[in-house]
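One structure is given below, encoded as structure tokens.
Protein chains get the first letters and strands the later ones, always in sequence-line order, with residue 1 at the start of each.
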There are 4 protein chains.
Amino acid sequence: MSPSAERRRELLSTAAEVFAAQGYNATTVRRIADEAGMLAGSLYYHFDSKESMVDEILSTFLDELWAGYEAVLGAGLGPRETVEALVTESFREIDRHRAAVAIYQKESKHLAAQPRFGYLTESQRRFERAWLGALERGVAEGVFRADLDIRLAYRFLRDTVWVAASWYRPGGQHSPEEIARQYLSMVLDGITPRERQEQQERRERP
Amino acid sequence: MSPSAERRRELLSTAAEVFAAQGYNATTVRRIADEAGMLAGSLYYHFDSKESMVDEILSTFLDELWAGYEAVLGAGLGPRETVEALVTESFREIDRHRAAVAIYQKESKHLAAQPRFGYLTESQRRFERAWLGALERGVAEGVFRADLDIRLAYRFLRDTVWVAASWYRPGGQHSPEEIARQYLSMVLDGITPRERQEQQERRERP
Amino acid sequence: MSPSAERRRELLSTAAEVFAAQGYNATTVRRIADEAGMLAGSLYYHFDSKESMVDEILSTFLDELWAGYEAVLGAGLGPRETVEALVTESFREIDRHRAAVAIYQKESKHLAAQPRFGYLTESQRRFERAWLGALERGVAEGVFRADLDIRLAYRFLRDTVWVAASWYRPGGQHSPEEIARQYLSMVLDGITPRERQEQQERRERP
Amino acid sequence: MSPSAERRRELLSTAAEVFAAQGYNATTVRRIADEAGMLAGSLYYHFDSKESMVDEILSTFLDELWAGYEAVLGAGLGPRETVEALVTESFREIDRHRAAVAIYQKESKHLAAQPRFGYLTESQRRFERAWLGALERGVAEGVFRADLDIRLAYRFLRDTVWVAASWYRPGGQHSPEEIARQYLSMVLDGITPRERQEQQERRERP
DNA sequence: CATGAATGAGTCTTCATTCAT
DNA sequence: TATGAATGAAGACTCATTCAT
């Protein structure tokens, strides 16, 4: 990687951190420059605009994310294993791109309105297809419950995973894999212990 | 209710809608005024500032939320029933105050930095205490699994519920109670059908 | 006086007080209304505009001032007695119209730019003529020193008297007449005791 | 001096001129910018706010003023010479900082209400102590008349000198020293010629 | 590559004024 | 006479962006 590309990457990383912490709109170009140890105007040697900074941050992140997702989706796994792998992969992405994920969460909705960010909507659709597909297959094969609204379950899973970016701190107590394991455990089996589930069931449908 | 209080409420409702849709920072006072059919300056007859608008929106919402929560917490329910009631109550609040909830989700973090919004932090703490308390009691009484990280479970539940405000539309297909029921079903029992859970378990711990 | 004229006078007095305390520009119509126990809009039943309020305050004051001055100037007094009488009359006006005088001092310069306030410039000219006339006559008659720049002396006298409005409080320790006496004493005879003046003189022009 | 400090000084000088001419409140930032040949927003590259402009203008002026005053007060002069030197120094300051003095006169009262401008009140107190001290010593030593209210005399002197800033134009007919000489002559000896003072006295206290 | 100094569009806010009731 | 609600023009300030050096 050329030294200028390296600098660029550093600057984007700084910018992402600030965007994630303060929100895109509330972040001034000057603040980013301060953090990078330069003057606001100087950033424009490296980037066309503030917008092109988020753009590059988000598209870089999504490219990596989809590389990981596609590997999972193309691996020929069963639906349950697919969901497990997608969740695990997601937490790994949160670990690697925490700031970008946080930005994506907070800003993608209103950024997507601009044509330049069309790929956000596109990505969301692919996302939905991947998850809904796995869930539907799972229901068909009997590995997921058939009595749940599948779209509701999809939103539940999606949100559940990504919101974690708002509190996750890399290098914390839990590895991404450990967090994924716990999340999956809750999502797949619930927080009620097995015995209790049986009692409960007997009580509800005698 | 006096007509002026009524007008105030209307305007706040309009403002909340715009804040929720565009974000607090990205929302101009002029946009709110447009939406309300008046000029930007006219809003200042009713409110001190843009900030005092969010303030009133959020504090009104939180007051109502806590009224509901306190009723639940004071009812002497068991931990599982408490969780069920809190979740149901939360979806009811999302139903009634969708915009306020969305604003709370997106903006409370950086608003809380200002002294004026200290009650946001305060509310978050009460929130945490209420949920963690119920979860801990549940684990102690054996109605929740003991093998999960309880703080992780708390975040999982909390986020899972409130993020729903980002996609929920009142008057849609599902009533808040129905959504709560499905969410609870997933959270408590998991998305894997019972029989499968047993098979899975036998495979994992033979 | 009709009751409405009485109310008008009250309101103008209130307005004058606020204008004097905060400055014309810095005074909001609302502040005046607050002080008068009504709403801002209500003032417009009594007055055309904020401007017309100062206008009436200043012109009323100047009318009375000139009535007093003309009486003095027409009395056929000698130059020294004229100066004494003008100074005394001025302090009486400060006593009666403190607020108006303060406004006149602070605002007349930039108000005078507007045609509506042409009378301010006019009044200033009359003022200058009256004082310069008395001083010139005094010099000619030998009752005032001939070695002083007469325009400088005029400004000295004028400022000296009117600035007092900035600290004078009616009903204070000194009556206007007493203040006038002391001011005249300083202006006419100086603050150096007689004997010293003679010594000083002998030293300077031996 | 660095070129940027020089620019800053130029801009402050322009601002001071406008503030003095129109009053602080009535002066728009845009007007200052116009006068400086730039756009309103550009001023904010150099200064934080309109307020910080007056702040810097006034504090710079007062710093210089007090440097001069302290030199006089520390010189071990007698009371009469002290008064002469203070008056002369004051007119020199008016010559150098006419605009700042005019602003000080008109605005210090209401600016002083803000904590940021506390030094104005402080300066006023030092001012009063310096002048009153000289006058009191003078009375004690018999070089000033004992029959005058000393606080009245103080105000008389103070106002008399500083109001001159409202009409003084640097480079005019009289040098500051010449104006000081004439003012002192009036203040110390009065505008009545010596012989007349004696006659007058004989008439009043036979 | 970076700085310093600006631009210009836009934001929140203020305030004198209007007017139906 | 006074109120309540608005208007509309203007003001201070912010900020992404530009560009000569």
Side-chain angles (χ1 to χ4, degrees), chain A residues 3-4 7-8 11 24-33 36-54, chain B residues 2-8 11 24-33 36-53, chain C residues 3-4 7-8 11 24-33 36-54, chain D residues 2-8 11 24-33 36-53:
Chain A
S4 97
R7 187 88 177 94
R8 197 183 176 74
L11 292 173
Y24 174 70
N25 277 298
T27 297
T28 69
V29 157
R30 201 184 140 188
R31 178 68 202 278
I32 298 171
M38 50 171 47
L39 291 180
S42 309
L43 278 175
Y44 287 79
Y45 177 81
H46 301 276
F47 304 99
D48 285 346
S49 63
K50 184 181 165 185
E51 208 178 78
S52 76
M53 287 187 232
V54 230
Chain B
S2 79
S4 94
E6 176 55 23
R7 186 86 177 98
R8 201 184 171 75
L11 292 172
Y24 174 70
N25 278 300
T27 297
T28 69
V29 150
R30 197 182 140 197
R31 179 66 203 280
I32 298 171
M38 50 171 38
L39 291 178
S42 308
L43 279 174
Y44 288 80
Y45 177 78
H46 302 275
F47 305 99
D48 284 344
S49 62
K50 183 181 163 186
E51 204 178 83
S52 78
M53 289 188 228
Chain C
S4 97
R7 186 88 177 95
R8 196 184 177 75
L11 291 173
Y24 174 71
N25 277 298
T27 297
T28 68
V29 157
R30 200 185 140 188
R31 178 68 202 279
I32 298 171
M38 51 171 47
L39 292 179
S42 309
L43 278 175
Y44 287 79
Y45 178 82
H46 301 276
F47 304 100
D48 285 346
S49 64
K50 184 181 164 185
E51 208 178 78
S52 76
M53 288 187 231
V54 230
Chain D
S2 78
S4 93
E6 176 56 23
R7 185 86 177 99
R8 201 183 172 75
L11 292 172
Y24 174 71
N25 277 302
T27 298
T28 69
V29 150
R30 197 181 141 198
R31 180 67 203 280
I32 298 172
M38 51 170 40
L39 291 178
S42 307
L43 279 175
Y44 289 81
Y45 178 78
H46 301 276
F47 305 100
D48 283 346
S49 62
K50 183 181 163 185
E51 205 179 84
S52 78
M53 290 187 227

Query raised in the report: At under 4.0 Å, does any side-chain N or O of A/Y44 touch on OP1 or OP2 of F/dT17?
Result: yes

Please state how far atom [atom1] in [X] lies from atom [atom2] in [N], giving the value in whole angstrom units.
{"X": "A/F47", "N": "F/dA16", "atom1": "CZ", "atom2": "P", "result": "15 Å"}
{"X": "C/I32", "N": "E/dA16", "atom1": "CD1", "atom2": "P", "result": "8 Å"}
{"X": "D/R8", "N": "E/dG4", "atom1": "CZ", "atom2": "C1'", "result": "14 Å"}
{"X": "D/E51", "N": "F/dC13", "atom1": "CD", "atom2": "P", "result": "8 Å"}

Query - Selected nucleotide, minimal atom distance to D/K50 side chain, candidates E/dC12, E/dT17, F/dC13 - result: F/dC13

Report task. Consider the side chain of D/V29, meaning its heavy atoms from C-beta on, and name the nucleotide among F/dA16, E/dT13, F/dC13 that approaches it most closely. Result -> F/dC13

Requested in this report: Between C/A26 and B/N25, just flag the one whose closest nucleotide in DNA chain E comes earlier from the 5' side.
Outcome: B/N25

Query raised in the report: For B/S49 and C/S49, take the nucleotide of DNA chain E holding the closest heavy atom to each; which residue's nucleotide lies nearer the 5' end?
Result: B/S49

Report task. Provide the full list of side chain to side chain donor-acceptor pair (under 3.5 Å) pairs with a residue in residues 39-51 of chain B, sequence neighbours left out, each pair given once. Result -> B/E51-B/Q114, B/E51-B/R116

**Report entry** ring-ring contact (aromatic ring centres under 6.0 Å, His included) involving A/Y24 - partner list, sequence neighbours excluded
**Finding:** A/F19

Report task. Starting at the 5' end of DNA chain E, write a dot or bracket for each base, bracketing those in Watson-Crick or G-U wobble pairs whose two distances are under 3.5 Å and using | for partners on another strand. Result -> .||||||||||||||||||||

Query raised in the report: Who pairs with D/R30 by salt bridge (Lys or Arg N to Asp or Glu O under 4.0 Å), at least two apart in sequence or on another chain?
Result: none

Requested in this report: For C/T27, answer base if it contacts any base atom (sugar-phosphate contacts may also be present), sugar-phosphate if it contacts only those atoms, and nothing otherwise; contact means non-hydrogen atoms under 4.0 Å.
Outcome: sugar-phosphate

Report task. Look up atom CE in B/M53 and atom CG in B/L43, then write down how far apart they are to the nearest 0.5 Å. Result -> 4.5 Å

Contact list (N/O, under 3.5 angstrom) for nucleotides 6-10 of chain E vs protein:
{"residue": "E/dA6", "atom": "OP1", "partner": "D/R7", "partner atom": "NH2", "Å": "3.4"}
{"residue": "E/dA6", "atom": "OP2", "partner": "D/H46", "partner atom": "NE2", "Å": "2.6"}
{"residue": "E/dT7", "atom": "OP2", "partner": "D/L39", "partner atom": "N", "Å": "2.9"}
{"residue": "E/dT7", "atom": "OP2", "partner": "D/S42", "partner atom": "OG", "Å": "2.7"}

**Report entry** Heavy-atom pair of closest approach, residues C/A26 and D/N25
**Finding:** CB-ND2, 3.5 Å

